[in-house]
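Counting from 1, the numbers follow the sequence of the chain as shown. The model shown is predicted, which means the values in this text are computed figures rather than measured ones. Side chains are part of it too, since the values below use all heavy atoms of this structure and drop only hydrogens, waters and symmetry mates.
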Amino acid sequence: MWVRPLPALTALMAALGPGLAKAAGRPEVALAVAAATGPLAAMTRLGDRTLVPLLIRR
């Protein structure tokens with residue numbers, strides 16, 4: 001079984017992280033979480049969709 005959890009985890013953090021920080025009363029942390037997780041989620045999504053298929057032998 002081949003599982004790549006990083007794309008799912010980064011997407012989840014990008015979706016939930018800022019809202020959780022805002023709910024905790026930390027709007028500055030929400031901005032930092034969004035700034036950190038947004039690019040990371042995009043990079044892992046790009047790698048999962050474009051780079052991984054290049055490595056798989058057909």
Side-chain angles (χ1 to χ4, degrees):
M1 185 163 124
W2 182 284
V3 178
R4 292 181 306 277
L6 186 59
L9 290 174
T10 56
L12 182 65
M13 187 61 181
L16 297 179
L20 289 173
K22 284 180 188 175
R26 305 286 309 268
E28 70 283 354
V29 174
L31 290 173
V33 169
T37 59
L40 182 58
M43 286 187 291
T44 56
R45 191 171 47 246
L46 173 72
D48 199 44
R49 290 182 184 165
T50 58
L51 299 177
V52 170
L54 294 175
L55 299 173
I56 297 173
R57 292 185 185 181
R58 295 178 192 230

Reported CG-to-OG1 distance for the pair Asp48 and Thr10, which is rounded to 0.5 angstrom = 9.0 Å
Can you tell me how far CG of Leu9 sits from OG1 of Thr37, rounded to the nearest 0.5 angstrom?
-> 12.0 Å
Of all the heavy-atom pairs spanning Ala34 and Pro39, show the shortest one and how long it is.
-> O-CD, 4.2 Å
For Ala14 and Ala41, the nearest pair of non-hydrogen atoms, with its separation, is CB-CB, 4.2 Å
Rounded distance [0.5 Å steps], CE in Met13 versus CG in Leu20 = 7.5 Å
At what distance, to the nearest 0.5 angstrom, does CE of Met43 lie from CG of Leu6?
-> 9.5 Å
Thr44 and Pro7 have their tightest heavy-atom pair at OG1-CA, 3.7 Å
